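Structure first, commentary second.
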Amino acid sequence: MKHLLAALALISLSIILLVGLSSSAPLFEFEKIKKYQDIPGVLPQEINAIENLKKSGRKFIYAAMPSVEAFESADGSFDGFTPLLCKLLTGLFGIEFEVHLREWDEIMGHEDENGNHIKGALELREIDFTGELTPTNERVEKGFIMSEPIAERLLRIFTDAESVIKTEKDLNGLTLGFLEETTTEDDIRRAYPKLTFKSVNTISNYKSAADMINLGSKRGGIDAFVDEATADPVFDEYPHVRSKLFFTLVNSPVSMTSLNQDLEPVISVFNKYLAAGGARKLYELYKKGEFRYNKNKLYNSFEAHEKDYLNNASTILVAFETDNYPTDFYNKKENSFQGIAIDVLTEISKLTGLKFKPVKSQSGKWSETLEMFKAGEIQMIGHLIKTEDEKEPFLFSGAPYASCNYAILSRADFPEVTSYQIAHMPVGIMESSGKIDAYKRFFNSSNLVTFPFQFDCMDALESRKIDLVMGSEYTLLAQTNYREKTGLRVNFKLAETLDSYFGFDKDEVVLQGIINKAQSFVNTSAIESVWTGKSFDYSKKYAEQRALIMTVFLSVILAILAVTVFLFLKTLRMGEKLKNAANNDALTDICNRRHFIELCLTHIERSMRTESESFVIIFDLDHFKQVNDTHGHLAGDKVLKETTQRVKNAIRPYDVFGRYGGEEFIILMPDIDKENVLAAVERIRKEICRSPVKFEETQIQVSASFGIALVTPKIKDINTATGNADKALYRAKKEGRNRAVFYEEEKETANTPRGVINACLITDYNTKKIVNTPT
């Protein structure tokens, strides 16, 4: 009863707190700003000044250079970030902001042939504002009235149409061009210090840049030209040039600027708008304007027959795979096709207006889908791998939309394999897959076991029906991130990449050309990154859905239930944390000495009943004190944690592993014979010293010495067994370290005193043999 009353009191208190929080004063909501008077901190004198400007009946001229931010669309109207910004300002201040496109020298003026300064439209007050200037102290001192940055201009990379440059790393070893007397190259090298590109920084104009792109670096030209993203429209007259945003770590801020002191209140109020949350709004407008520019540029790149196709196109039928995560798969829990391919086509649909409809074969098997495609029942396929067999009947997109390495997958506890071993083990693979050709190129073997679906391969691997699976890095992501399965890993990574292309019916040449052009405007790398870093948590999603339904229909009951469940789960989690803290070593998160002894007693009792053998192994890191003395205790901690992880990879799931103290560890291996325990210890020893442990800039070589002792009906006390293992460990260190010694039972003879090990099995790591060494 006391516990019930306490729980009810706690629930009541929680409800009171929730009600109190809900009735407290809300934070400022940016969405409430409709007019400039709604902006926090606007002063009465600023309102009076702006209202006087409104009474004059004037409109503001906002000048911008022709660029990505301000361009003329197909219907003759202006579009892009700047027109969108002016529309926002017009609604905010109640005064029309009209966009005028002007060249740089028209806005800012220029020097004539005699060196005299000719005033520009900004100085002459022919225009009121511009967004082309970077804010600097020097300009403010000269009388420029400048807002906080309204945009951060990115860089674009300009290449020929056949370029396969996707990421910054692809630029290593290439030749890049820059306009003379610009700081673009310096900004890039500062932001990306590891890039090793060559540079040509003597290009005087954009025509020269386009000509050098056309030549290419092999003929004295350049592989790519880099400049501010706003310069993109200049290259529209050069059909061989393609561009895309690049170097996202480099940007140049620009401000809304005026030279008319009467307009200072407008700038001041606009700064307060930005501080109240308007900066996020402007970012949204910039992305929207950029999309409109890309859509307009893409449309202008289409030839007449491509525009006719778009105007008359019906829904495009596309075949997707059902289990090819993360490129394309059918999510049964959300009843929809999802993946990189679907997201890329969604972006292409926004750019072109094309509609894509997923089509699936009756069984969902890839082989059936492929036959439907070959028969012309489907116009596109979401994922194709280029193989010799598929070059004739299919058309491929010009560039892959995703890429990863082929890989041989195994269970986490499966030992490392070599290429020779792979060719002699049962390897699962999906039937009718391009991976089959890739496998035969590497291994030239017929040891494959085919399955209808990729997930069938993985299930067979998990159930130990096969040893390995031919897949890719993406295949592992499908298991861990999507299917929420553990215990699998990449065992052997292949050097060849698996590139994912869109496939087209051989008669869909026009559609192929449209998709190729549109795909160049889609940031496929960003979409791929989202999916490779994405994980599913359906338990959490279902809980949110239930909470939403109960909130609508049960209100107060839900609040009480939610608080109760929260407290219950919190108590359980706290209990688990306390239990884990009591049982596990704080540094390595494996069993502490006390908990290890507890677990061992249970295992040993079962071994005694089944009359099976168990062994205790104690090992000690060699010369560990020198690590701490030389590199510090943080380095020592890194070595201990790395050693723990390597041992975990080498032992069986049901072996008991604990930290015995300091740099000393202990393992219990139940249900194993002497021959196999020696092999297991050898595997652990090799895993520990297979490579140095990296700590900061230091490589620390690690090795360990092992003592092994048998647990028998006669020696069933774990303390006795560990004592014997400890004696063997002492012998291993005495014999030269980095070796294992097996404790043999003491034999009382006339020549052998008690307490001395009569014989040991010592692993000689010079000859790589196990030899008997009498004491």
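FYI, side chains are in, hydrogens and waters are out, and symmetry mates aren't considered; it's all heavy atoms of this structure. Note that the structure is predicted; figures quoted are calculated from it, not measured.
For an aromatic pair to be called close, the ring centres must be under 6.0 Å apart, and F373 with F394 satisfies this. You'll find the ring centres of Y293 and F71 inside the 6.0 Å limit.
Ionic pairing of E347 and K350 is present here: one or more N-O contacts between side-chain nitrogen and carboxylate oxygen are shorter than 4.0 angstrom. At a threshold of 4.0 Å, the pair D211-K207 counts as salt-bridged, since one of the basic side-chain nitrogens sits closer than that to a carboxylate oxygen. Salt-bridge formation is detected for the pair D459/R483: a Lys NZ or Arg NE/NH1/NH2 atom is positioned less than 4.0 Å from an Asp or Glu carboxylate oxygen.
Using a distance-only test at 3.5 Å, with no hydrogens or angles considered, no donor-acceptor pair links the side chain of D232 to the main chain of A229. The main-chain N or O of M65 is found under 3.5 Å from a side-chain atom of S67 such that the two form a donor-acceptor pair.
Looking at Y474, W531, F329, Y330 one by one, the single match for ring pair (Phe, Tyr, Trp, His ring centres under 6.0 Å) with Y482 turns out to be F329.
Annotation: cation-pi pair K517/F302 absent, no NZ/CZ under 6.0 Å from the ring centroid and within 45° of its normal. A cation-pi arrangement, defined by a distance under 6.0 Å to the six-membered ring centre and an angle within 45 degrees of its axis, is absent between R153 and Y286. Remark: K307 is positioned above the aromatic ring of Y299, its terminal NZ or CZ atom under 6.0 angstrom from the ring centre and at most 45 degrees off the axis.
Ring geometry for F443 against Y439 counts as tilted: the plane angle lies between 30° and 60°, on a 0 to 90° scale. Relative ring orientation between Y192 and F247 is described as perpendicular, the plane-to-plane angle rising above 60° on a 0-90° scale split at 30° and 60°.
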Can you check side-chain contact (heavy atoms from CB on, under 4.5 Å) on E528 and Y401, steps first, answer last? CA-CA 8 Å; E528 183 178 14; Y401 59 80; over 6 Å; no
